[in-house]
Amino acid sequence: MSSKSEQAEEYFKQGYNCSQAVAAAFSDEIGIDQGRLLKMASSFGGGMGRMREVCGAVSGMFFVAGALYGYDDPKDPQAKKEHYARIQELAAQFKAENGSIICRELLGQEGKDTNPNPSVRTQEYYKKRPCAKMVGTAAQLMEMYIENNSLH
């Protein structure tokens, strides 16, 4: 397990959502105040506001990729293409390891629960949910990507 993976899982176990946990593990690399970063990533937990769409851990990984490698010139189609290819590559790696990037599919039957009330984090919660593993996987994939692709 990578150090970023361990950090992300620890953030998740502290109560942060999946997206926040992954993003927070990379706060030093991103260079954004951690409180602000946590707010920016907060909407993506539970598969986008607990709607069970794209896994929050995957969204957190994409958030980090955008902060570190994203483009900012709307007139640069090559940079946009390269970034979208990067995101698709990360998504494919996550899907290869976990079978999906969709929250409800990763959760199985529990994914039908889309009410906005967050689940209480108990030992039983952690036993039946794969979320900590998803957070760890996303952080590990992002860490490996960074190691293999120097920042520009």
Side-chain angles (χ1 to χ4, degrees), residues 1-32 34-71 81-114 116 118-152:
M1 187 180 293
S2 72
S3 62
K4 294 298 181 187
S5 178
E6 291 167 351
Q7 288 175 27
E9 286 186 28
E10 183 56 36
Y11 281 118
F12 183 76
K13 289 174 183 172
Q14 289 175 23
Y16 292 105
N17 74 36
C18 309
S19 182
Q20 289 173 310
V22 174
F26 293 90
S27 62
D28 289 345
E29 288 84 349
I30 293 172
I32 298 173
Q34 191 172 44
R36 184 167 179 82
L37 179 120
L38 290 166
K39 286 183 178 183
M40 293 169 71
S42 66
S43 301
F44 308 108
M48 308 284 175
R50 212 166 183 274
M51 292 187 293
R52 309 301 186 202
E53 298 296 335
V54 174
C55 169
V58 172
S59 295
M61 178 174 62
F62 293 169
F63 179 91
V64 172
L68 298 178
Y69 299 95
Y71 67 95
K81 175 185 170 185
E82 289 171 7
H83 190 62
Y84 286 175
R86 175 180 302 112
I87 295 306
Q88 289 178 14
E89 174 187 337
L90 289 166
Q93 291 174 358
F94 187 92
K95 188 174 183 176
E97 287 201 31
N98 299 293
S100 180
I101 66 166
I102 304 300
C103 176
R104 68 179 162 273
E105 293 173 2
L106 295 166
L107 291 179
Q109 294 297 339
E110 288 187 63
K112 293 178 182 173
D113 176 13
T114 60
S119 299
V120 178
R121 301 280 183 93
T122 63
Q123 288 303 318
E124 187 59 31
Y125 170 93
Y126 290 112
K127 284 180 188 174
K128 69 180 183 176
R129 295 278 181 120
C131 303
K133 176 184 177 287
M134 301 299 122
V135 164
T137 298
Q140 183 173 27
L141 291 171
M142 192 69 240
E143 185 174 27
M144 289 176 5
Y145 186 89
I146 292 168
E147 287 174 5
N148 295 322
N149 297 274
S150 62
L151 295 170
H152 39 78

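Hydrogens, waters and symmetry mates play no part in the numbers below; they use all other heavy atoms, side chains included. Position 1 is the first residue of the sequence, and the numbers go up from there.
Ser19 places a side-chain N or O within 3.5 Å of a backbone atom of Ala41 that can act as its donor or acceptor partner. Of the possible polar contacts, one joining the Tyr69 side chain to the Asn149 backbone as a donor-acceptor pair under 3.5 Å is found.
Pairing each heavy atom of Leu37 with each of Ser27, the nearest pair is CD2-CB, 4.2 Å. Between Ser59 and Met48, the closest heavy-atom pair is OG-CE, 3.4 Å. Nearest heavy atoms, Ala132 versus Glu9: O-CG, 3.3 Å. The two atoms that bring Ser42 and Asn17 nearest to each other are O-ND2, 3.0 Å, heavy atoms only. Closest non-hydrogen pair, Arg52 versus Cys103, comes out as CD-SG, 3.3 Å. Nearest heavy atoms, Ala23 versus Val64: CA-CG2, 3.8 Å.
Residues Tyr145 and Glu89 form a side-chain contact, since some pair of their non-hydrogen atoms from C-beta on lies under 4.5 Å apart. Counting heavy atoms from C-beta on, the side chains of Leu107 and Cys131 come closer than 4.5 Å. In this structure, Gln93 and Glu97 have side chains that are not in contact, with every pair of non-hydrogen atoms separated by 4.5 Å or more. You'll find the side chain of Glu143 stays beyond 4.5 Å of the side chain of Ile146, heavy atoms only. The shortest distance between side-chain heavy atoms of Met142 and Val22 does not fall below 4.5 Å. Looking at Ser5 and Thr137, their side chains never come closer than 4.5 Å, going by heavy atoms from C-beta outward.
Taken from NZ in Lys95 to CD in Gln88, the straight-line distance is 11.5 Å, to the nearest 0.5 Å. Ile87 CD1 to Met61 CE: the interatomic distance, rounded to the nearest 0.5 Å, is 7.5 Å. Interatomic distance, Thr122 OG1 to Arg129 CZ, rounded to the nearest 0.5 Å: 9.5 Å. The OH atom of Tyr71 sits 11.0 Å away from the CZ atom of Arg86 when rounded to the nearest 0.5 Å. Rounded to the nearest 0.5 Å, atoms CD (Gln20) and OG (Ser43) are 9.0 Å apart. Expressed to the nearest 0.5 Å, how far CD1 of Ile30 lies from CZ of Phe63 amounts to 5.5 Å.
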Exercise. When you look at Lys133 and Asn98, which way does the side-chain contact (heavy atoms from CB on, under 4.5 Å) test go after all the steps?
Worked result: CA-CA 10 Å; Lys133 176 184 177 287; Asn98 299 293; 2.8 Å; yes

Problem set entry | From CA spacing to verdict: side-chain contact (heavy atoms from CB on, under 4.5 Å), Arg50, Ser119 | CA-CA 10 Å; Arg50 212 166 183 274; Ser119 299; 3.1 Å; yes

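Under the 4.0 Å criterion applied to side-chain N and carboxylate O atoms, Lys4 and Glu147 are not assigned as salt-bridge partners.
A centroid separation of 6.0 Å or more is found between the aromatic rings of Phe62 and Phe44.
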